[in-house]
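Model, not experiment: these values are computed from the prediction. All heavy atoms count here, side chains included; hydrogens, waters and symmetry mates do not.
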Amino acid sequence: RSPELACGDVEGRINALFNRVNAIQKKSGQFDLLLCVGEFFGTSEAEAEWEAYKSGAKKAPIHTYILGAASQETVKYFPNSDGCELAESITYLGRRGIFTGASGLQIAYVSGREAQHEPALSHCFTSKDITALVAPLLSNSKFRGVDILLTSQWPRGVWQYGNSPVSFCGVSSIADLTDKLKPRYHFAGLEAVHYERLPYRNHVVLQENAQHVSRFIALATVNNPAKKKYLYAFNIVPMKNMDPAELVKQPQDVTENPYRKPMKDGKKEKPPPSMTGAEVCVCSFYLLIELPTGPCWFCLASPEVEKHLVISIGTHCYMALAKGGLTPDHVLLLPIGHYQSVVDLASEVVEEMEKYKSAVKKFCKSRAQRCIMFERNYRSQHLQLQVVPVPMEKCSTEDIKEAFMTQAEEQQMELMEIPAHTDLKQIAPPGTPYFYVELDTGEKLFYRIKKNFPLQFGREVLASEALLNIPMRADWRECKCTKEEEEDQAKQMRSDFEPFDFAHED
């Protein structure tokens, strides 16, 4: 069987798309079909390109299936809302429906955007469209899911339990549809970003029979200047031809289902009402904090997160008081979404993390403190950048550096100095366990963890007699306070940090 291709918004760059597909097919052989999500047609400048295909002067190098208009401007390209062939080998699937490929793949699709009011504009779908698509499938008792789902818009909340995307857009009607249709692959566009969510389960462990996993993949715009991924090649055997045991195999990185919110009494929570345009994208994180996710102590959306410790919340990162901190102003900088380490972060998260780092440095400087940061990417589930302010009169940066070097040597660990401007990604590809320290001068010390790394190493060095001289506080478990004490410390820290908090201004 030939593999399939999926593509993000083409926006009228039809030649660019087909040239790229041609190049790929020359290199790796024929693909079975190309599925395009998002907006296929573009502004009027691109009309001439399309004319060449429509008139037959040019021909698509692959069977291409596209979704309908996602804006009023492109409605004119679609003569019939029920789907039709627009040019040789280029087929418009229709407003919504099910298409079965020659190989037997079952592909469900919904074109356009969610209608905000009735009567719906012609580039929008309504709840009636969704019901018409879902009802006949669910009425079949043997229905287990579709192979592929194509939508223009993202499902709301897809990132819950998973790795964080850049864009927090999406609509609940698509989330609800996805939950019912259980696609093995779900492709969407319109957000101009590439985001591959970790695969998620379609069953509740130990309560339901195992089912196949779903993968959500959002694709960027064809030929985007940032070179974000807009074509995705995949190979999928139709569900009906698969051995059931093979179909339900669970990959290692599978997560909980993002669309199922368990309620305390076993009832499913009602999805929140759909948000409109701008509101969706800025999904207030104060709202998001309440969303449940898998058991991670540091995902801001997780029920386990101790919200009373939170000091500041940005768009992609947040700052919290360290539990059992070395000092009352020992804080953590963390991504809001689930990332394991600094090297896994998406670029906009890195940018905001840097903003937090410089805000904390300014804050420490104003209090005559050196700002020491360290991260241990080893036996840790969620990235935490520890920030420990050290009073300047206690010790110099040299003393701190020496203390780290000496203690590392004693433990037979080779702590290397890396140039200040080095990106950790260059020396530690994602998945590498490491420990790193950033001094207030910008100097960085790095150790690639081999095995049995002392988990409290960073704290032990800073607590040592040479530095803060509080050796009894080296282990956080020895430093627990009551929730009231923690609340007081966090309140104090919030008001102290506020003048430096860029997130507070927004």
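No salt bridge links Arg448 with Glu414; every basic N to acidic carboxylate O contact stays at or beyond 4.0 Å. Taking 4.0 Å as the cut-off between side-chain N and carboxylate O, Lys357 and Glu354 count as a salt-bridged pair. The pair Arg95-Asp129 counts as a salt bridge, with a side-chain nitrogen and a carboxylate oxygen less than 4.0 angstrom apart. A salt bridge does not link Glu417 with Lys444: every distance from a Lys NZ or Arg NE/NH1/NH2 to an Asp or Glu carboxylate oxygen is 4.0 Å or more. Between Arg201 and Glu256, at least one side-chain N (NZ, or NE/NH1/NH2) sits under 4.0 Å from a carboxylate O, which counts as a salt bridge. We find that Glu88 and Lys54 are not joined by a salt bridge, their nearest charged nitrogen and carboxylate oxygen being 4.0 Å or further apart.
When atom types are taken as modelled, the side chain of Arg96 and the backbone of Tyr109 share no donor-acceptor pair closer than 3.5 angstrom. His203 places a side-chain N or O within donor-acceptor distance of the main-chain N or O of Gln211, the cut-off being under 3.5 Å.
Each of Gln72, Arg113, Glu73 was evaluated against His123; a single residue qualifies, Gln72, per the side chain to side chain donor-acceptor pair (under 3.5 Å) test. Just one of Val350, Leu385, Val349, Leu333 meets the side-chain contact (heavy atoms from CB on, under 4.5 Å) condition when paired with Cys317; it is Val349. For the pairing with Tyr434, the ring pair (Phe, Tyr, Trp, His ring centres under 6.0 Å) check across Phe457, Phe374, Phe446 returns one residue only, Phe446.
Under the side-chain contact (heavy atoms from CB on, under 4.5 Å) criterion, Leu455 pairs with Arg376, Tyr378, Arg379, not counting sequence neighbours.
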The test is side-chain hydrogen bond (donor to acceptor under 3.5 Å, both in side chains); show your working for Thr151 and His186 and say whether it passes. CA-CA 8 Å; Thr151 61; His186 177 186; 2.9 Å; yes
Chi angles and distances behind the ring-ring contact (aromatic ring centres under 6.0 Å, His included) call for Phe453, Phe435: CA-CA 9 Å; Phe453 179 76; Phe435 173 83; 5.4 Å; yes
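A 6.0 Å sphere centred on NZ of Lys450 holds more than 12 heavy atoms belonging to other residues, nucleotides or ligands. By the 6.0 Å contact criterion, NZ on Lys365 is open, its count of non-hydrogen atoms from other residues, nucleotides or ligands being 12 or less.
Inter-residue side-chain proximity for Trp154 and Tyr195 is flagged as met; some heavy-atom pair is nearer than 4.5 Å. Using a 4.5 Å heavy-atom cutoff, the side chains of Leu445 and Ile418 are not in contact.
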Side chains of residues 7-15: which donor-acceptor pairs under 3.5 Å do they make with residues two or more places apart or in other chains?
residue	atom	partner	partner atom	Å
Asp9	OD1	Leu190	N	2.8
Asp9	OD2	Glu39	N	2.8
Asp9	OD2	Leu190	N	3.4
Arg13	NH1	Val222	O	3.0
Asn15	OD1	Tyr53	OH	2.8
Asn15	OD1	Lys58	NZ	3.3

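The closest side-chain donor-acceptor pair between Glu114 and Ser173 falls under 3.5 angstrom.
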